[in-house]
Amino acid sequence: MSGVRPVHVFRVLVLAVSTAIVAAIVTVICAFERDGKTGYRLARWWMAFNLWMSGVRVKVSGRENLDPSRQYVFMSNHRSAADIVVLGWALWEYQIRFVAKKELLRVPFFGWGLWALKNIIIDRSNRVQALRSYAVAGERIRRGISVVVFAEGTRGEGSELLPFKKGGFVLAIESGTPIAPIAVVHTDRVMPKGSLRVESGEVEVRIAPPIETAGVSVKEKDRIVTQVRDVIGRLTSAEAPVAKTQGSVS
């Protein structure tokens, strides 16, 4: 545990306690809700609190590219466990649910909340179940919920993107939902892969103009995958934000 200081232990304890409390409340609330929208509003404040408590500042650029009255499939790179909280803050105006691997349900308290909030749980070893989960995601979109997909399917390292999984793209095309490419930058510095240590610092969320999918055939998914991958690659490697900074939390 080299490099672990008392402040790291404090932050992990606060994160664990706040997660346990909020997960318990959200589980009760969402038991009476079809889509968990009230529970998600509470979860957003849990995200904001833990960012503030950890001294993590989030700069958001490109938010003006989005229309808050529409739903999106937000397609993002993935570098840290902190990405979920950071994106929740950056997309505050939206009811969002994450496509998440079923293994996360085993994480104490966090897994409870993930399930209670009706996130899209994927069993990567079961193709039929995965297709059913994406069908559920399509129904959620029609009821006013946007979906966040980590296109690489797992956490990568550095600016190099891993191969993109295609399930989220099929979801967007079949539901006619625009894809909003997003890059999260420097989250691996505040919460490195394989570590529970949370460092203070600044991270960025860069949002590109959405790519419309209405009228696009599933047969064209490879073209859309390439287009989105190119955009996220440029966002990730750009030295300057996509547009004027819209907001931050510290």
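Predicted model, so just to flag it, every value in this text is computed and none were measured.
- Using a cutoff of 4.0 Å between basic side-chain nitrogens and carboxylate oxygens, R206 and E204 are scored as salt-bridged.
- Using a 4.5 Å cut-off between side-chain heavy atoms of Ile, Leu, Val, Met, Phe, Trp and Tyr, with links allowed through other members, I21 and Y40 fall into the same hydrophobic cluster.
- Residue G36 comes nearest to C30 through the heavy atom pair CA-SG, 3.7 Å, listed as atom of the first residue, atom of the second, then distance.
- Using a cut-off of 4.0 Å between Lys/Arg side-chain N and Asp/Glu carboxylate O, E220 and R223 are scored as salt-bridged.
- Between the side chain of E33 and the main chain of T38, a donor-acceptor pair closer than 3.5 Å is present.
- No donor-acceptor distance shorter than 3.5 angstrom exists from the side chain of R189 to the backbone of S200, with no hydrogens or angles considered.
- One distance of note links CG of L171 with CG of L131; it measures 11.0 Å at 0.5 Å rounding.
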Practice problem: Please lay out, stage by stage, how F150 and R155 fare under the test side-chain contact (heavy atoms from CB on, under 4.5 Å). | Solution: CA-CA 8 Å; F150 292 116; R155 281 173 285 177; over 6 Å; no
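- With 3.5 Å as the limit, one finds a donor-acceptor pair spanning the side chains of D83 and T187.
- Under a cut-off of 6.0 angstrom, the local environment of NZ in K118 is crowded, with over 12 non-hydrogen atoms contributed by other residues, nucleotides or ligands.
- Tested against W112, the residues W115, F110, F109 include a single ring pair (Phe, Tyr, Trp, His ring centres under 6.0 Å) partner, F109.
- Relative ring orientation between Y72 and Y94 is described as perpendicular, the plane-to-plane angle rising above 60° on a 0-90° scale split at 30° and 60°.
- A heavy-atom distance below 4.5 Å is found between the side chains of L91 and L66.
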Side-chain polar contacts of residues 42-51 - donor-acceptor pairs under 3.5 angstrom, sequence neighbours left out - could you list them?
unit_1, atom_1, unit_2, atom_2, d
R44, NH1, W92, O, 2.6
W46, NE1, S18, OG, 3.3
W46, NE1, T19, OG1, 3.3
N50, ND2, S18, OG, 3.3
N50, ND2, W46, O, 2.9

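- Rounding to the nearest 0.5 Å places NE2 of H186 at 13.0 Å from OG of S80.
- Using a cut-off of 4.0 Å between Lys/Arg side-chain N and Asp/Glu carboxylate O, D222 and K166 are scored as salt-bridged.
- In summary, R70 and E212 engage in a salt bridge, as defined by a charged side-chain N under 4.0 Å from a carboxylate O.
- Not a single donor-acceptor pair under 3.5 Å links the side chain of D230 to the backbone N or O of Q227.
- Hydrophobic clustering places V85 together with V107 (ILVMFWY residues linked when any side-chain heavy atoms are closer than 4.5 Å, directly or through intermediates).
- In this structure, V216 is a member of the same hydrophobic cluster as V225, with clusters built from ILVMFWY side-chain heavy atoms closer than 4.5 Å.
- In the hydrophobic cluster analysis, where Ile, Leu, Val, Met, Phe, Trp and Tyr join through side-chain heavy atoms closer than 4.5 angstrom, L87 is grouped together with L15.
- Connection of W89 to V22 is established within a shared hydrophobic cluster, with ILVMFWY side chains joined at heavy-atom distances below 4.5 Å, either directly or through further cluster members.
- The two atoms that bring R63 and V60 nearest to each other are NH2-CG2, 3.2 Å, heavy atoms only.
- For the pair T213 and G176, the tightest heavy-atom approach, listed with the atom from each and the gap, is OG1-C, 3.2 Å.
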Quiz item: For L114 and I121, what are the C-alpha separation, side-chain angles and deciding distance, and is it a side-chain contact (heavy atoms from CB on, under 4.5 Å)?
Solution: CA-CA 9 Å; L114 196 68; I121 307 302; 4.0 Å; yes
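- When all heavy atoms of I211 and P181 are compared, the pair lying nearest together is CD1-CG, 4.1 Å.
- Looking at every heavy atom in both residues, F74 comes nearest to S146 through CE1-CB, 3.6 Å.
- Every salt bridge (charged side-chain N to carboxylate O under 4.0 Å, His left out) that R143 has, sequence neighbours left out, goes to D35.
- The line from NZ of K102 to CD1 of I122 is 11.5 Å long, rounded to the nearest 0.5 Å.
- Atom CE of residue M75 and atom CD1 of residue I232 lie 7.0 Å apart, to the nearest 0.5 angstrom.
- No side-chain donor-acceptor contact under 3.5 Å links E152 to the backbone of F164.
- The closest donor-acceptor contact from the side chain of N65 to the backbone of I207 lies under 3.5 Å.
- Across all non-hydrogen atoms, the minimal contact from Q95 to K37 is NE2-O, 3.0 Å.
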Exercise. Any chance you could lay out the side-chain contact (heavy atoms from CB on, under 4.5 Å) test for I141 and V147, step after step, and finish with the verdict?
Key: CA-CA 7 Å; I141 289 172; V147 176; 3.8 Å; yes
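- Between the side chains of T177 and Q71, no donor N or O sits under 3.5 Å from an acceptor N or O.
- Counting only distance, with no hydrogens or angles, the side chain of N77 and the backbone of A151 share no donor-acceptor pair below 3.5 Å.
- One distance of note links OG of S133 with CG of D123; it measures 8.0 Å at 0.5 Å rounding.
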Quiz item: Does the pair V148 and R97 meet the rule for a side-chain contact (heavy atoms from CB on, under 4.5 Å), with working shown?
Solution: CA-CA 6 Å; V148 175; R97 301 297 183 272; over 6 Å; no
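- Between E174 and K221 there is no salt bridge, since no side-chain nitrogen of the basic residue lies less than 4.0 Å from a carboxylate oxygen of the acidic one.
- Rounded to the nearest 0.5 Å, atoms CD1 (I120) and CD1 (I145) are 8.0 Å apart.
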